[in-house]
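This structure is in structure tokens; I'll ask about it shortly.
Here, residue 1 is the first one in the sequence, and each next residue gets the next number. Numbering of ligands and ligand atoms starts at 1, following listing order.
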Amino acid sequence: MDYYRDTWAEINLDAIKWNVAKTIQHLADSMTMFAVVKANAYGHGDVQVAKAALNAGAKGLAVAFLDEALSLRKAGIKAPILVLGASRPDTAGIAAKYNISLTVHEKEWLTHIHMEEGQMLRIHIKCDTGMGRIGVKTIGELQSVIDELNQSESYVFEGIFTHFATADEVHTAYFEKQLQTFQELVSSIREKPRYIHCANSAATLRFQGAGVNTVRFGISMYGLTPSLEIQPLLPFELKPAFSLRTKIIQVKQMHAGEKVSYGATYEASEGEWIGTLPIGYADGWIRKLSGQEVLVDGKRAPIVGRICMDQCMIRLPREYSCGTEVTLIGRQGDDEIIMDEVARKLETINYEVPCVITARVPRVYKENGQVVHVSNPLL
Ligand SMILES: Cc1ncc(COP(=O)(O)O)c(C=O)c1O
């Protein structure tokens with residue numbers, strides 16, 4: 001056992017594999033899937049998720065920054081890795097050394113690249129078709145990047161891609177406009193690169209990758225819907241992979257008028273049972289979650305009073321013993337607290353919730369109901 005505290009995130013690798021395999025089945029045979037494992041696999045743990053996704057049929061991985069790609073290489077992962085974001089040009093040599101593909105977002109970037117003699121860098125060109133983020137916008141800009149690539153033997157023009165701003169919305173007009181712009185840009189290239197990609201999870205599941213040959217599959221690999229509004233349009237039900245659990249560390253019965261937590265904002269009524277949980281805002285369980293319900297014995301119990309740095313308190317329906325398991329995200333008994341419920345309370349999207357569960361919370365990986373790995377950067 002590689003952790004000693006009573007709070008942990010449980011990552012169901014079978015769910016990750018199922019979501020990947022089921023999605024691949026849903027796509028044309030010619031389609032290649034890159035699993036998006038940036039941000040420590042949206043808080044799930046990049047190495048374990050990457051291995052599970054590759055095992056289930058993904059052919060490559062995508063991250064946001066070179067450091068994330070290098071950490072996967074350090075862990076022994078050999079699959080193609082693409083850095084989606086802009087990297088510093090002076091890091092091109094390191095990317096080449098570790099066979100990591102980088103994104104070019106403007107011609108200027110290529111003129112600052114530094115690599116040693118004989119090094120070879122794989123390049124994907126990013127097109128900005130309507131995100132307004134990074135990328136080339138016109139056929140002219142695209143062609144000037146390709147001309148620059150063609151001037152050197154050190155580059156392999158491996159891919160071209162764009163990113164949708166609204167694929168997770170029911171209305172498709174803006175998505176279609178972006179797709180058309182991308183198609184025009186791709187059509188203008190004489191020698192097409194190996195990977196042509198535009199679809200995130202929403203476009204992968206709704207439009208089967210939007211007619212090109214590669215998808216970048218992120219949020220739905222984790223079993224989460226890209227948005228609540230398109231959930232009814234998804235071709236199958238996804239399996240959530242992330243649960244957050246803890247155990248009650250103390251139970252006490254209160255007298256009427258006794259207070260709970262900082263600011264003494266919560267007042268107990270006579271005989272009320274209060275349980276203390278060893279999780280707080282330093283774990284990413286932030287103060288805005290006061291009032292959020294958790295599951296004890298399959299039943300809901302509210303968080304009362306302010307959430308502290310390392311602890312918070314819940315109102316119990318009756319006395320429970322210390323060590324009783326509590327689920328903050330996930331299924332317990334007949335009830336389930338889904339990521340979207342917590343996201344709603346936080347006034348955000350499901351993507352953000354596991355990302356902000358901090359490294360202090362160990363990740364416990366399960367396969368076939370058994371713990372197969374524990375990741376705890378503290379020990
Ligand atoms: C460039 C890029 N591609 C793909 C993805 C994956 O998107 P999703 O998680 O919606 O599948 C992201 C995620 O933000 C991204 O920024």
Side-chain angles (χ1 to χ4, degrees), residues 15-16 19-20 22-24 26-27 31-44 46 49-50 53 56 58-66 68-69 80-87 101-105 123-136 159-170 174-175 178-179 182 195-210 212-231 233-236 238-242 339-340 343 348-356:
I16 305 257
N19 295 324
V20 166
K22 185 81 182 164
T23 303
I24 290 172
H26 172 71
L27 298 171
M31 194 69 88
T32 298
M33 178 188 284
F34 272 57
V36 182
V37 294
K38 61 190 173 128
N40 198 26
Y42 297 31
H44 292 61
D46 55 2
V49 169
K59 293 286 182 266
L61 305 167
V63 294
F65 303 116
L66 180 58
E68 295 177 315
I81 305 178
L82 166 63
V83 176
L84 297 165
S87 303
S101 307
L102 293 188
T103 290
V104 183
H105 59 289
I123 295 281
H124 289 229
I125 303 178
K126 178 73 184 282
C127 304
D128 178 8
T129 58
M131 253 309 267
R133 204 161 63 173
I134 57 169
V136 297
I160 182 164
F161 71 110
T162 195
H163 190 53
F164 294 119
T166 64
D168 63 346
E169 292 177 12
V170 169
Y174 196 78
F175 162 80
Q178 276 197 269
L179 181 57
F182 184 56
Y195 301 114
I196 302 174
H197 45 118
C198 55
N200 51 6
S201 294
T204 300
L205 293 171
R206 289 174 81 191
F207 310 116
Q208 290 174 288
V212 286
N213 66 23
T214 303
V215 298
R216 302 185 307 273
F217 195 54
I219 195 73
S220 296
M221 166 168 64
Y222 307 101
L224 302 175
T225 180
S227 71
L228 288 171
E229 76 171 87
I230 64 151
Q231 194 166 26
L233 306 178
L234 299 181
F236 49 87
L238 298 158
K239 293 188 195 284
F242 188 101
M339 201 70 83
D340 285 286
T348 184
I349 52 173
N350 57 18
Y351 290 67
E352 200 176 305
V353 179
C355 282
V356 301

Original post:
Under 30°, 30 to 60°, or over 60°: which ring-plane class applies to H197 and F161, parallel, tilted or perpendicular?
Top reply: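 Parallel.
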Subject >> Residue pair H105 / R133, side-chain donor-acceptor N/O under 3.5 Å >> reply: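 Side-chain D/A pair, H105 to R133: absent.
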**OP:** Compute the centroid of each ring, for F207 and then for F175, and state whether the two points are separated by less than 6.0 Å.
**Re:**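 Yes, the ring of F207 comes within the 6.0 Å limit of the ring of F175, centre to centre.
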What does the contact table look like for ligand 1 (nitrogen or oxygen on each side, cut-off under 3.5 Å)?
from, atom 1, to, atom 2, distance (Å)
ligand 1, 3 (N), R216, NE, 2.7
ligand 1, 3 (N), R216, NH2, 3.2
ligand 1, 9 (O), Y42, OH, 2.6
ligand 1, 9 (O), I219, N, 2.8
ligand 1, 10 (O), Y351, OH, 2.6
ligand 1, 11 (O), S201, N, 2.8
ligand 1, 11 (O), S201, OG, 2.6
ligand 1, 11 (O), G218, N, 3.0
ligand 1, 11 (O), I219, N, 3.4
ligand 1, 14 (O), K38, NZ, 2.8
ligand 1, 16 (O), K38, NZ, 3.3
ligand 1, 16 (O), R133, NH2, 3.2

Subject >> Residues in ring-ring contact (aromatic ring centres under 6.0 Å, His included) contact with F182, at least two apart in sequence or another chain >> reply: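 In terms of ring-ring contact (aromatic ring centres under 6.0 Å, His included), with neighbours along the sequence ignored, F182 is linked to no residue.
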Subject >> Set of side chain to side chain donor-acceptor pair (under 3.5 Å) partners for T129, sequence neighbours left out >> reply: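 Scan of T129 (side chain to side chain donor-acceptor pair (under 3.5 Å), adjacent residues dropped) gives T162, Q178.
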**OP:** Quick one: list whatever passes side chain to side chain donor-acceptor pair (under 3.5 Å) with S227, sequence neighbours left out.
**Re:**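 Scan of S227 (side chain to side chain donor-acceptor pair (under 3.5 Å), adjacent residues dropped) gives none.
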